Amino acid sequence: METVIDSFSEAATLEIGMRLGREAGPGMVYALVGDLGTGKTILAKGMALGLGISRDIVSPTFTIVQEYHEGRLPFYHFDIYRIEDEDELFEIGFDEYLSSEGVCLVEWADQVTEAMPPETVWIRIQKDLSKGTEYRAIVIGDELN
């Protein structure tokens with residue numbers, strides 16, 4: 001089943017992320033998919049805020065994962081844009097993060113679908129220019145479509 005949430009601004013995307021962060025429980029894994037510039041990092045910032053993390057969230061493009069421990073749950077923010085194969089993920093302990101009590105958010109997860117656990121919550125962010133340049137459809141479901 002999918003839920004589609006309309007966002008007409010960065011502020012709205014941030015708020016959607018905050019709601020997801022507030023609702024996140026221990027061990028939850030989120031896969032975040034969308035083209036460059038669709039707002040993936042904005043949504044990640046919102047999730048961190050919803051988890052009670054106040055420091056700035058940056059996309060961990062060159063480090064693959066950023067860890068944040070000051071919220072109500074640990075938050076592990078992955079950006080796997082530069083990963084060339086799934087073995088690289090397991091070299092950094094990806095499976096240990098996934099089985100932890102923290103919340104994992106994996107940007108570009110569509111590049112490693114086989115590595116994602118079955119209970120992953122998939123989030124796709126899509127533009128639709130017919131609804132304006134700031135519009136995003138945020139599609140949340142239990143599989144990548």
Side-chain angles (χ1 to χ4, degrees), residues 1-128 134-145:
M1 186 170 116
E2 288 185 345
T3 301
V4 180
I5 304 170
D6 295 321
S7 172
F8 289 91
S9 68
E10 279 190 9
T13 299
L14 187 75
E15 178 59 41
I16 292 163
M18 288 173 64
R19 185 170 15 144
L20 289 168
R22 286 190 299 268
E23 295 171 357
M28 291 190 75
V29 178
Y30 296 87
L32 187 52
V33 178
D35 292 335
L36 285 169
T38 55
K40 293 183 300 297
T41 301
I42 298 295
L43 190 101
K45 289 178 182 195
M47 284 189 74
L49 287 169
L51 286 164
I53 298 164
S54 58
R55 71 176 160 128
D56 194 32
I57 303 297
V58 295
S59 191
T61 302
F62 294 102
T63 59
I64 302 174
V65 64
Q66 289 286 345
E67 297 185 18
Y68 304 91
H69 293 277
E70 61 272 20
R72 67 177 177 83
L73 293 168
F75 182 51
Y76 306 116
H77 180 204
F78 293 84
D79 183 327
I80 57 172
Y81 182 73
R82 299 191 189 291
I83 294 288
E84 295 194 12
D85 75 42
E86 292 175 10
D87 290 339
E88 288 181 64
L89 283 176
F90 296 103
E91 289 172 11
I92 65 161
F94 187 65
D95 49 344
E96 294 169 24
Y97 285 104
L98 295 179
S99 62
S100 75
E101 291 296 305
V103 174
C104 293
L105 176 66
V106 183
E107 291 189 40
W108 301 100
D110 53 327
Q111 295 183 173
V112 292
T113 55
E114 296 297 316
M116 301 305 294
E119 65 277 3
T120 298
V121 176
W122 288 87
I123 304 168
R124 287 189 329 273
I125 302 179
Q126 304 167 320
K127 291 181 180 182
D128 182 346
E134 297 296 313
Y135 174 81
R136 304 294 187 265
I138 299 175
V139 183
I140 303 170
D142 56 3
E143 59 186 47
L144 176 64
N145 289 331

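Just so it is clear, the structure is predicted and the values come from calculations on it, not from any experiment.
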(message) Give me the atom names and distance for the closest heavy-atom approach of Gly21 to Arg72.
(response) O-NH2, 2.8 Å
(request) Verify side-chain contact (heavy atoms from CB on, under 4.5 Å) between Leu20 and Ile123, making sure each step is shown before the conclusion. (result) CA-CA 11 Å; Leu20 289 168; Ile123 304 168; 3.8 Å; yes
(request) Please report the shortest heavy-atom distance between Ala115 and Leu98, naming the atom on each side. (result) O-CD1, 3.8 Å
(message) For Tyr97, give me all partners under side-chain hydrogen bond (donor to acceptor under 3.5 Å, both in side chains), at least two apart in sequence or on another chain.
(response) Glu67
(message) Pair Ile53, His77 - check side-chain contact (heavy atoms from CB on, under 4.5 Å), show working.
(response) CA-CA 12 Å; Ile53 298 164; His77 180 204; over 6 Å; no
(request) Report yes or no: does Thr113 contribute a side-chain atom to a donor-acceptor pair with the main-chain N or O of Ala109 at less than 3.5 Å? (result) no
(request) Quick one: closest heavy-atom pair of Gly25 and Leu73, and the distance? (result) C-CD1, 3.6 Å
(message) When you compare the side chain of Lys45 with that of Asp56, does any pair of heavy atoms fall below 4.5 Å?
(response) yes
(message) What I'd like to find out is whether the side chain of Tyr76 reaches to under 4.5 Å of the side chain of His69, using heavy atoms alone.
(response) yes
(message) I need the minimum non-hydrogen distance between Val4 and Ala137, along with the two atoms involved.
(response) CG1-CB, 4.2 Å
(request) Return the minimal non-hydrogen interatomic distance between Gly37 and Lys127, and the atom names on each side. (result) O-CE, 3.8 Å
(message) Other residues, nucleotides and ligands only: do more than 12 of their heavy atoms fall within 6.0 Å of CG on Asp128?
(response) yes
(request) Enter the distance from Asp6:CG to Arg136:CZ here, rounded to the nearest 0.5 Å. (result) 12.5 Å
(message) Within this structure, what is the CE-CD distance for the pair Met47 and Glu23, rounded to the nearest 0.5 Å?
(response) 9.5 Å
(request) Quickly, which of Ile140, Val103, Leu43 forms a side-chain contact (heavy atoms from CB on, under 4.5 Å) with Tyr30? Name it, please. (result) Val103
(request) Supply the atom-to-atom distance Ile42 CD1 to Ile16 CD1, rounded to the nearest 0.5 angstrom. (result) 12.0 Å
(request) Kindly compute the distance separating CZ (Arg124) from OG1 (Thr38), expressed to the nearest 0.5 Å. (result) 12.0 Å
(request) Decide yes or no on side-chain contact (heavy atoms from CB on, under 4.5 Å) for Met116 and Val29, but give the supporting numbers first. (result) CA-CA 8 Å; Met116 301 305 294; Val29 178; 3.7 Å; yes
(message) Just verifying a value: how many Å separate Arg82 CZ and Trp108 CH2, rounded to the nearest 0.5 Å?
(response) 10.5 Å
(request) Quick one: list whatever passes salt bridge (charged side-chain N to carboxylate O under 4.0 Å, His left out) with Lys40, sequence neighbours left out. (result) none
(request) Could you list the residues that satisfy ring pair (Phe, Tyr, Trp, His ring centres under 6.0 Å) with Phe94, not counting sequence neighbours? (result) Phe78
(message) Please determine whether side-chain contact (heavy atoms from CB on, under 4.5 Å) holds for the pair Gln111 and Tyr81, giving the CA-CA distance in whole Å, both sets of side-chain angles, and the decisive distance to 0.1 Å.
(response) CA-CA 8 Å; Gln111 295 183 173; Tyr81 182 73; 4.2 Å; yes
(message) Within this structure, what is the CD-OG1 distance for the pair Glu10 and Thr41, rounded to the nearest 0.5 Å?
(response) 10.5 Å
(message) If you compare all heavy atoms of Leu49 against all heavy atoms of Ser54, which two are closest, and at what distance to 0.1 Å?
(response) CD2-CA, 4.5 Å
